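This report refers to the structure that appears directly beneath it.
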Protein chains: 2
Amino acid sequence: MLAPMLEAAANLDLVFHALSDGTRRSLLRRLSDGEKTVGELAADYDVSLNAISKHLKVLTEADLVIRRKSGRQQILNLNPQSFGAVREWLQLYESFWRERLDALADYLAEDSGA
Amino acid sequence: MLAPMLEAAANLDLVFHALSDGTRRSLLRRLSDGEKTVGELAADYDVSLNAISKHLKVLTEADLVIRRKSGRQQILNLNPQSFGAVREWLQLYESFWRERLDALADYLAEDSGA
DNA sequence: TTATTGGTCAACCACTCAGTTGATTATCAA
DNA sequence: TTGATAATCAACTGAGTGGTTGACCAATAA
């Protein structure tokens with residue numbers, strides 16, 4: 001059942017845009033090791049904390065990242081759901097993708113066999 | 001084996017950026033029905049042929065689309081490989097994603113059972 | 001040859017983006 | 001209270017975006 005999440009397809013704009021930046025993808029990677037604060041994340045980068053804060057805002061608005069407050073700190077976590085949205089979108093092309101690669105593999109196998 | 005394609009990760013910037021636009025995602029969908037020329041694709045949209053041509057350029061530079069010439073026409077096709085690159089990137093998060101959703105499902109099942 | 005058509009290139013516009021610096025808010029510690 | 005810290009907000013800059021129109025090139029058709 002693909003429909004439900006895809007109806008929120010306006011979000012795909014936000015999600016893919018969020019993922020189009022290497023720094024933001026890197027932030028997601030670090031978060032996949034466990035939750036972190038803004039400051040902890042920013043410490044690993046050359047750019048200002050402000051820049052990281054803005055990247056995290058983009059990730060949050062794309063629902064790729066969830067935040068909760070703890071005192072004056074923001075604690076960030078990956079949100080598995082939005083990754084699911086990308087995964088679902090990609091599945092639209094999964095069959096196409098697999099068929100063609102299989103066909104290519106077959107062709108190459110045949111070719112090397114002959 | 002994830003390494004090979006991910007080394008070409010500079011491309012992920014291009015790929016995700018290409019996917020961040022609804023018109024471009026729509027173009028990919030139409031191409032998944034089979035190859036088409038620039039003009040055929042453009043006919044389905046309100047914007048100028050020039051705008052579509054530029055969108056197709058973005059998709060081509062991200063390797064999501066392949067072109068071949070036939071007379072004065074450009075014939076466009078999906079390129080299954082780049083979809084594979086996205087898929088591989090996503091698989092970095094697949095386990096995380098699945099674990100968390102499973103945990104959530106378990107929690108909800110437990111909750112409704114009690 | 002001369003038109004016509006398919007498509008790209010070039011220049012421009014309003015808008016957005018990633019980054020900066022500096023001010024601001026909210027929480028913790030003296 | 002006062003001061004330091006975590007993080008966001010505000011305003012700005014240079015670069016890039018999606019869109020336009022008009023010129024241009026290549027291939028078909030007259």
Side-chain angles (χ1 to χ4, degrees), chain A residues 9-31 34-79 82, chain B residues 9-31 34-79 82:
Chain A
N11 290 0
L12 282 177
D13 279 26
L14 294 179
V15 171
F16 281 126
H17 171 252
L19 296 179
S20 71
D21 182 277
T23 301
R24 286 193 289 263
R25 288 196 305 277
S26 171
L27 287 166
L28 293 177
R29 284 271 209 120
R30 311 223 175 207
L31 284 176
E35 62 184 25
K36 293 196 176 31
T37 67
V38 177
E40 285 170 345
L41 287 167
D44 297 330
Y45 297 86
D46 282 342
V47 299
S48 68
L49 183 140
N50 221 334
I52 297 298
S53 173
K54 282 167 77 173
H55 279 306
L56 291 169
K57 190 180 179 194
V58 172
L59 290 169
T60 303
E61 284 169 356
D63 274 334
L64 286 160
V65 157
I66 297 174
R67 337 164 70 106
R68 78 174 187 277
K69 270 186 72 172
S70 165
R72 61 185 154 179
Q73 298 183 314
Q74 296 272 342
I75 299 184
L76 303 164
N77 255 301
L78 290 190
N79 175 15
S82 277
Chain B
N11 290 359
L12 282 177
D13 279 26
L14 294 178
V15 170
F16 281 126
H17 171 251
L19 297 178
S20 72
D21 182 276
T23 300
R24 285 193 290 262
R25 288 196 305 278
S26 171
L27 287 166
L28 293 176
R29 285 271 209 119
R30 310 222 177 207
L31 284 176
E35 61 184 24
K36 293 197 176 29
T37 67
V38 177
E40 285 170 346
L41 287 167
D44 297 331
Y45 298 85
D46 284 339
V47 299
S48 68
L49 182 141
N50 221 332
I52 297 299
S53 173
K54 282 167 77 173
H55 279 305
L56 291 170
K57 189 180 180 196
V58 171
L59 290 169
T60 302
E61 284 170 356
D63 274 334
L64 286 160
V65 158
I66 297 174
R67 336 163 71 105
R68 80 174 186 276
K69 270 187 72 171
S70 165
R72 62 184 155 181
Q73 298 184 312
Q74 297 272 343
I75 299 184
L76 303 164
N77 255 302
L78 290 190
N79 175 14
S82 277

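In what follows, every chain begins at residue 1, and chains take the letters A, B, ... in the order their sequences are listed. Note that the structure is predicted; figures quoted are calculated from it, not measured. Reckoned from all heavy atoms, side chains included, excluding hydrogens, waters and symmetry mates.
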B:Gln74, nearest nucleotide to its side chain (from C:dG6, D:dA7, C:dT8):
C:dT8

Of B:Leu28, B:Leu14, B:Leu31, the residue whose pairing with B:Leu59 passes side-chain contact (heavy atoms from CB on, under 4.5 Å):
B:Leu28

Could you tell me how far apart A:Asp13 (CG) and D:dG18 (P) are, to the nearest whole angstrom?
11 Å

For B:Leu27 and D:dG18, give me the distance from atom CG to atom C1', rounded to whole Å.
13 Å

Note: B:Tyr45 and B:Ser26 closest approach over all heavy atoms is OH-OG, 2.6 Å

From C:dT20, C:dC9, C:dT8, pick the nucleotide closest to the side chain of B:Leu49?
C:dT8

Could you say whether A:Arg72 or A:Asp21 is positioned toward the 5' end of DNA chain C, judged by the nucleotide with the nearest heavy atom to each?
A:Asp21

Using whole Å, report how far NE2 of A:His55 lies from C1' of D:dC9.
17 Å

For residues A:Ala18 and A:Ala62, report the shortest heavy-atom separation together with the two atoms involved.
CB-CB, 3.9 Å

To the nearest Å, how far apart are B:Lys69 NZ and C:dT5 P?
19 Å

Quick one: A:His17 NE2 to C:dC17 P, roughly how many Å, whole number?
5 Å

Does A:Ser70 or A:Asn50 map to a spot on DNA chain C nearer the 5' end, using the closest nucleotide for each?
A:Asn50

Donor-acceptor contact below 3.5 Å, side chain A:Asp63 vs main chain A:Ser82:
no

Determine: side-chain N/O of A:Arg67 to OP1/OP2 of D:dT8, distance under 4.0 Å, yes or no.
yes

Please tell me which of the listed nucleotides, C:dG19, C:dG6, C:dA18, lies nearest to the side chain of A:Arg24?
C:dA18

Report the nucleotide, chosen from C:dG7, D:dT8, D:dA11, that has the shortest atom-to-atom distance to any side-chain atom of A:Lys54.
D:dA11

